[in-house]
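Residue numbers begin at 1 in each chain, while the letters A, B, ... track the order of the sequences.
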Amino acid sequence: MITKCIYPDTYTIPYVLKSCAQSHALEEGQQIHAHSIKFGLSSNVYVLNTLMRFYAVCGFTHYVKKLFDGSPERDLVSWTTLIQAFVKTGFAKEAIQAYLDMCRANLRPDKMTLVVVLSACSRIGDLSLGTRIHENICYIHDIYSDVFVGNALVDMYMKCGDTDSARQLFDKMPVKNVVSWNSLISGLVQQGQFKEALHVFHDMQRIGLRPDCVTLVAVLNACSNLGKLELGKWVHAYIDKNQIKADGFVGNALVDMYAKCGSVEQAFGVFQGMQCKDVFSYTAMIVGFAMNGEAERALDIFAEMPMVGIKPDEVTFVGVLSACSHAGMVEEGWRHFEDMSRVYNLEPQTEHYGCMVDLLGRAGLISEVEVFIANMPIEPDAFVWGALLGACSIHGKVELGEAVMKKLVAIEPVRDGAYILMSNIYSSANRWKDALKLRKAMKERKMKKTPGCSLIEINGVVHEFRKGDKSHPRNEELRKVLGEMAICLQNHGHFPTSNFIT
DNA sequence: ATAGGGTTAG
C-alpha cells in the first residue's frame, strides 16, 4: 500500500519509515529505502536519520554505521542515532568512541545526545567520562535541570558503583519523576544495598508517588534477598488491587520472591497463573524448586519447556544441575549436562562444571571427578576446585584436599570458605595441628570467617541468625529447642559432626 | 509539515 506511493518526497519518506521502525516492518522499510535511492532522496539528512533509526531498531547496527559513513551530510541527530544504535546492541565502547569523534568534529551534544552517551557510560562502567560530562553540564541550567539528563546521570553513577554521587545528585534534582526514583531504587538493588533500596521506596511512598512496574520489580528483588515475605505479599496484593498484570518482569519477580522466601507453593501458583511465560519464568521456578528441596518438581517443569517451545539457557541448566546435585541424581545430572551442548548447543561454563563436580563429589565418585576435571576444555576455576574441596570434606579425603587447596591458593584471592573446609578436613582426620596451622594462616592474612547466616520471617519480623550470635531476644529458648532437637536426632541414630572447628 | 532520550528479571 505504502510502496504504491509513486512520488515520495523528503516528508513522506521519514513519516512512513517511522511507522516501519515502530512495527519492525523490515521488508517494508527496505522497500522504502530502495525508493528513496531511486528518487534521489537518500542524501537528505532527514531521510538518512530515519533510515538509520529504522535499521537500528531492526538490529542492523553495522548497516547503520555504513549509512552514516557513506552520507555526505550528518547532523547531531545522525550522531545521536549512531551512538544509540551502538548502545542498544551492546557496543558501548563503540558508542563512546563515536561520541568522542563527534566532539572532535566540533559538534556540541544536546540533551538527547547526553542521555544516550550517559547510558553507554552506565553499561560499560565508565565513571570518568560520566563524571566529566556531569562537570561540563553543571553550569548549563537548561540541560542540568532536565529530568531525562538527571535520571541518566543517577543511573550512570549507580551502575558505576558511586552510590554517594547518585544520591547527592538525586537529592539536588529540581524535578523528579517516577523514573528518577526507579533509577535510584533499582540501582541500590543492583549494588546489593537492599535495605537502603527499601528505605528509598518508603520515602517515595511518603511523598505520595505511586510505584510503577519497574519500582515493584526492584522492591520484589530486594524482598527476595532480604527474606521479606510480608512486604513481598503486600506488593503482590498491590499488583492485584491495581490490576497490574502479573506477567513478564512483574510475574517473574513475584515467582522469584516467593521461591527465595521459601513459599514455594505460592511461587508455583503465580507461575501457573502467568499467561506468557518465558525462559526467565521457567528458570526462576526451576531454581526455586531446587532451592526448596523439590528436585523432582524442578525437573518436571524443565521437561515442560520443550513442549511449550521455550529454549533453556545457561542459567536454566545451573538450576537443573543443582537440583540433580541436591537430590543425588547422578545419572540424570549427567544426561542433562551432556544435553546442554548436544541438544541445546550451549557451551557448559565453569558454573556447570562446578555443579557436576559437586554432583559426583557428593555421591563419593572421587576418581570420576578427578577424570572429569582433567578433561575439562576450560581452565577449572575457584568454583570447580571449591566444589571438589567440598567433596573432600564430606568424604574425608585429606591428600586430595591438600592438592586442591594448593590449586585454590594459586587462584587469588582465596575465599575464607576454602580455608574453613580444609581445616574441617584436617579435623575429621584428627590432624588438629594442621587444622590449627591453617587457622593461624587465616589469622595472619586477616581473614575472618564470614559467619553462616540464615533469615526467616515470622509474622512480619525478619529474624536473622548468624553463627555464634547470641543477640536474638529469645536466644536461651532457641538454644534449648536446638539442644532438644539434637538429642532427638541422636536417639534416631544421627550424630552431629562436632569435631569441626567453627 | 518530516528525525533522536532515561529505569525493570532467572
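Across all strands, A:K277 comes closer than 4.0 Å to no nucleic acid atom at all (heavy-atom distances). Within the 4.0 angstrom heavy-atom criterion, only backbone atoms of the sugar-phosphate kind lie near A:K18; the bases stay farther away. Nucleic acid contact for A:Y15: none, since no nucleic acid atom lies under 4.0 Å from a heavy atom of the residue. A:V279 comes within 4.0 angstrom of a base, heavy atoms only. Among the heavy atoms of the strands lying under 4.0 Å from A:D146 is at least one base atom, whether or not backbone atoms are also near. Looking at heavy-atom distances under 4.0 Å, A:T113 makes contact with a base.
Lacking a ring centre under 5.5 Å from that of the base six-membered ring together with a plane angle below 30°, A:Y11 does not count as stacked on B:dT2. Ring-to-base geometry places A:F280 in a stacked arrangement with B:dA9 (centre distance under 5.5 Å, plane angle under 30°). Aromatic stacking of A:F148 on B:dG5: satisfied, with centres closer than 5.5 Å and planes within an angle under 30 degrees.
Close to B:dA9, at under 4.0 Å from its OP1 or OP2, lies a side-chain N or O of A:Q190. Proximity of A:K159 to the phosphate of B:dT8: a side-chain N or O atom is located under 4.0 Å from OP1 or OP2. Under 4.0 angstrom from either OP1 or OP2 of B:dT7 there lies no side-chain N or O belonging to A:R123.
Taking only side-chain atoms of A:T50, from C-beta outward, the nucleotide of B:dG10, B:dG4, B:dA3 with the closest atom is B:dA3.
With contacts defined as side-chain heavy-atom distances shorter than 4.5 Å, the pair A:F289/A:F271 does not qualify. Between A:I133 and A:Y99, the closest side-chain pair of non-hydrogen atoms falls below 4.5 Å. Side chains of A:K195 and A:L226 form a contact here, defined as non-hydrogen atoms less than 4.5 Å apart. Within the 4.5 Å cutoff, side-chain heavy atoms of A:L299 are placed close to those of A:M329.
Applying a 4.0 Å cut-off to non-hydrogen atoms, the residues of residues 288-318 of chain A that approach DNA chain B are A:D313, A:V315, A:T316, listed by residue number. Contact check of residues 164-186 of chain A against DNA chain B (heavy atom, cut-off under 4.0 Å) returns A:N177, A:V179, A:N182, A:S183, A:S186.
Ion pairing of A:R132 with A:E135 is absent here, as no side-chain N (NZ or NE/NH1/NH2) approaches a carboxylate O to less than 4.0 Å.
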